[in-house]
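Heads up: the structure comes next, in structure tokens.
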Amino acid sequence: MERVLRGKVIVLGDNIDTDQIYPGRYLELVDPKEIGSHCLAGVDENIAPNFVKGDMIVAGSNFGCGSSREHAPISLINMGASVVIADSFARIFYRNSINLGLPLIVCKGISRALKDGDEIEVDIEEGTITLIKTAKLFQGEKIGEYAMNILEAGGIKPLFRERKF
Amino acid sequence: MHAIEKILAKNSGRDRVKTGEIVTARVDFAEINDLYLQTVYSFREMNGDKVWDKDRVAFVFDHYAPAPTIKTAQIHKEMREFARENDLIYHFDINAGICHQVMPEAGLIYPGSIIVATDSHTTTHGAFGALGTGVGATDMATILISGKLWFRVPEIIEIRIDGTPREGVLPKDIVLFLMGQIKADGAVYKAIDFTGSYIEQLGVAGRMTICNMAVEMGAKTAYMQPNQEVLEYVSKKAVRPFEVVYTDDEFEYSESYCFDISDLTPQVAAPHSVDNVYPIHELDEIRIDQGFIGTCTGGRLEDIKVAADILRGKKISDHVRLIVIPASTQVMMEAIERGYFQDLVDAGATISTPGCGPCLSAHEGVLAPNEVCITASNRNFPGRMGSTQAEIYLASPATVAASVLTGYLTNPLSL
Ligand code: SF4
């Protein structure tokens, strides 16, 4: 996993639920690429087709609330999102994302501090976010040791394959 | 310690656990519904061979029962094959119902157990004094391999509900009211213990409705200390011996909320969030196109009875349709036996096969743009039941029945 990431952001509001991240009508799909092409279709169907790989999602509080569908992080990963930064995350979404190797950073107030198209640099290990144009630094929460181990292994699957659990 | 902490401690082989600690606990029962074929794929990707215990894993086909498309038929097919290969003792195919309803009916949920399912509404099983929580497909695959899951021991908050509600004010109204107070992110990562005189006298169905929606406040799990009615229910059915766990007197909650619901009126969550809650009389006359009674929140016998009592001998409004879907086959059989379905069909209702139905827009009554639905289910996110331009109002089954009668959002107490 890359520790330091750089990219542009798309900023979303509070309580973005898993139906908005990945609408129920696409749940029967199993091909990861196809799943990625419908990411955030419940917010705006134009996001996924125009998404640049490596860009980032920034959101308000309780991102990923609602159903336990793993399609939500699968779609974010396959759309090309490198990290999601939010004021807070819903629990199941958090577990699912870490398990699949998608880094999440909790940073209170971030969704009001950034605008669509802002370029930022994120240090996953430190939980810091830097807004490039002003060099302003935001300190998010550090990812706990348990979750960091999983992320560093590239998700829980490789860990389990090697029976390191 | 709290009962929830005692359950976590027992299943992780410890004497004590404390808030914030990460423990690896044994899972008593694991359930996978038909949205989660990915579980099987993740299991194989992690070199899983056989599930850890064929008595403690089941598939439930509910979201796509019976299969509405070729792709979902294929999902069922592959899951059936996996169930057969692993000689799973319990299997609930398209003729069973919604997972959170069929598992307690089958005696798989009992006090003191840890239930993990690939569904967020697994908090429902707090109604039985069990620790129920939802996970995604890959977490579930790790359970199928190891029989265990890591948990962060949660903060536990108390929601105390006292008082006797007015006639016609139902558990769904109570939980919608709580949603409006606690909000959709009010209990994220936390466990909720529902206490108070209202909960102490509440029956199995009402307890399930309230614990079901705890996840809409963000809760990891919900708990209610089992009462006599719960103990009678589980004693008749439980497939294993169990022990009821009790919270120590000196336990301190991280937060306590207290409500008296004696004067509460019927509540409605307006589009597009579960916590956008109003007493029904504060909403303007809203014209509706569809009513829906069903789901793991509002599809039990008690819910269908309430609707049948309101609609018996009457006709629903010309411009609406009413969809009624029993939560399980057992519920369906009882509803038939008691004549509720006859009453509902006579009034103009459409009855569909047990399962989730249109709750998450898979089939059986999805909404077109600009349509308005009033529903006894649990989520009104944009697009939840079909078009993102449809509007969903959450209410009790009594409010749904009253509203389809007039064609407008209607207070059942005003009939
Ligand atoms: S009835 Fe609705 S909320 Fe309940 S399990 Fe089915 S889709 Fe989920």
Side-chain angles (χ1 to χ4, degrees), chain A residues 14-32 35 41-45 60-74 87-101 144-147 150 155-163 165, chain B residues 22 24 35-39 41-42 45-48 63-64 68-72 74-75 117-122 133-142 145-146 148 150 152 154 183-185 188-189 215-216 218-220 273-275 359-362 366 379 381-386 388:
Chain A
D14 292 335
N15 293 317
I16 300 292
D17 59 77
T18 53
D19 278 86
Q20 292 183 69
I21 300 171
Y22 194 76
R25 61 184 180 278
Y26 302 123
L27 284 173
E28 61 180 22
L29 301 178
V30 286
D31 175 52
I35 292 174
V43 177
D44 179 348
E45 301 204 338
S61 66
N62 207 18
F63 185 79
C65 60
S67 93
S68 56
R69 64 189 66 160
E70 207 159 277
H71 293 74
I74 293 175
D87 293 11
S88 66
F89 292 96
R91 176 192 147 261
I92 302 177
F93 178 82
Y94 191 90
R95 288 185 76 108
N96 285 343
S97 300
I98 299 294
N99 279 340
L100 294 172
E145 200 188 327
Y146 203 92
I150 299 175
I156 205 162
K157 286 180 193 167
L159 279 180
F160 247 79
R161 259 200 301 275
E162 292 155 33
R163 294 296 186 268
F165 257 67
Chain B
I22 291 186
T24 303
L35 292 178
Y36 289 86
L37 177 61
Q38 179 63 40
T39 307
Y41 294 169
S42 293
E45 282 169 44
M46 292 189 281
N47 300 336
H63 291 68
Y64 298 132
T69 61
I70 296 168
K71 285 192 172 115
T72 50
Q74 178 67 23
I75 290 172
T118 53
D119 195 278
S120 56
H121 292 102
T122 311
T133 197
V135 294
T138 301
D139 259 341
M140 180 53 75
T142 69
I145 292 171
S146 68
K148 295 185 185 130
W150 67 269
R152 184 181 161 278
K183 296 292 174 192
D185 59 356
V188 175
Y189 299 123
V215 73
E216 308 306 335
K220 172 187 197 128
S273 80
V274 284
D275 56 6
C359 177
L360 92 164
S361 72
V366 299
R379 285 186 177 145
F381 305 145
R384 173 72 182 180
M385 292 180 69
T388 45

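In what follows, every chain begins at residue 1, and chains take the letters A, B, ... in the order their sequences are listed. Quick caveat: nothing in here was measured; it's all calculated off a predicted structure.
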Of the backbone (N, CA, C, O) and the side chain (C-beta and beyond), which part of [X] lies under 4.5 Å from a heavy atom of chain B, both, or neither?
X       : value
A/Tyr94 : side chain
A/Gln20 : side chain
A/Leu27 : both

Residue, of [options], that accumulates the most heavy atom pairs under 4.5 Å with chain A:
options                               : value
B/Lys220, B/His121, B/His63, B/Met385 : B/Lys220
B/Val366, B/Thr72, B/Asp275, B/Val135 : B/Val135
B/Thr133, B/Thr388, B/Val215          : B/Thr133

What part of [X] is in contact with chain A, defined as an atom under 4.5 angstrom from a non-hydrogen atom: side chain, backbone, both or neither?
X        : answer
B/Ala362 : neither
B/Ile75  : side chain
B/Glu45  : both
B/Ile22  : side chain

| A/Glu70 (side chain) donor-acceptor with B/Thr138 (main chain) under 3.5 angstrom | yes
| message | I'd like to know if the side chain of A/Asn62 and the backbone of B/Gly218 have a donor-acceptor N/O pair within less than 3.5 Å. | response | no
Looking at [atom1] of [X] and [atom2] of [Y], how far apart are the two atoms once the value is rounded to the nearest 0.5 Å?
X        : Y        : atom1 : atom2 : answer
B/Asp139 : A/Ile98  : CG    : CD1   : 11.0 Å
A/Asn96  : B/Met140 : CG    : CE    : 11.0 Å
B/Thr118 : A/Arg69  : OG1   : CZ    : 12.0 Å
A/Ile21  : B/Phe381 : CD1   : CZ    : 10.0 Å
B/Asn47  : A/Glu162 : CG    : CD    : 10.0 Å
B/Leu37  : A/Glu28  : CG    : CD    : 12.0 Å

Would you say the side chain of [Y] lies within less than 4.5 Å of the side chain of [X], judging by non-hydrogen atoms?
X        : Y        : result
A/Ile35  : B/Gln38  : no
B/Arg152 : A/Tyr146 : no
B/Ser42  : A/Phe160 : no
A/Asp17  : B/Pro382 : yes

| message | Tell me every residue that passes side chain to side chain donor-acceptor pair (under 3.5 Å) with B/Thr142, counting only those two or more places apart in sequence or in another chain. | response | none
| query | How far apart are the closest heavy atoms of A/Arg91 and B/Val188, and which atoms are they? | reply | N-CG1, 4.4 Å
| query | Which atom names give the shortest non-hydrogen contact between B/Ser120 and A/Ser68, and what distance separates them? | reply | N-OG, 3.5 Å
| request: Could you verify whether a donor N or O on one side chain and an acceptor N or O on the other, from A/Ser67 and B/Arg379, lie under 3.5 Å apart? | output: no
| For atom NZ of B/Lys148, is the number of surrounding heavy atoms from other residues, nucleotides or ligands below 6.0 Å larger than 12? | no
